[in-house]
Amino acid sequence: MILYPMNELLTNVSSRYELVNLVAHRARQLSGDAEREKEPLEDKPVTIALNEAWAGELKPEPEDEEPEGASEAADEEPNAAE
């Protein structure tokens with residue numbers, strides 16, 4: 001088992017929690033892709049995802065911005081008297 005330096009793994013993410021979520025999400029993607037293609041993986045999906053994170057290939061996606069008008073609709077409350 002490879003022990004990865006935590007400070008190097010955290011260079012592309014803001015917290016350990018985010019790192020765990022990214023690695024788990026990527027591992028599920030790898031597992032699903034291998035199952036669909038019916039090809040065995042050389043290593044376990046989590047190991048592959050951790051290797052990608054350590055190499056700097058696994059980075060968080062930018063958060064989606066709220067669509068225009070969505071905040072305005074949330075501010076308007078339905079009139080309960082009607």
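Any value given below was found using the heavy atoms of this structure, including those in side chains, with hydrogens, waters and symmetry copies removed. Note that the structure is a prediction, hence the values are computed from the model and not measured.
Between Arg16 atom CZ and Leu9 atom CG the span is 9.5 Å, to the nearest 0.5 Å. The line from NE2 of His25 to CD of Glu18 is 12.5 Å long, rounded to the nearest 0.5 Å. Annotation: the span from Leu22 atom CG to Leu50 atom CG amounts to 11.0 Å, rounded to 0.5 Å. Ile48 CD1 to Glu42 CD: the interatomic distance, rounded to the nearest 0.5 Å, is 7.5 Å. Taking OH of Tyr4 as the start and CG of Leu10 as the end, the distance is 14.5 Å to the nearest 0.5 Å.
Judged purely by atom type and a 3.5 angstrom limit, Glu35 has no side-chain atom pairing as donor or acceptor with the backbone of Ser31.
Side-chain contact between Pro45 and Arg28: absent, with no pair of heavy atoms (C-beta onward) separated by less than 4.5 Å. Looking only at side-chain heavy atoms (C-beta outward), Asn12 and Leu58 stay at 4.5 Å or farther from each other.
A continuous path of hydrophobic side-chain contacts links Val13 to Met6 [ILVMFWY only; heavy atoms under 4.5 Å].
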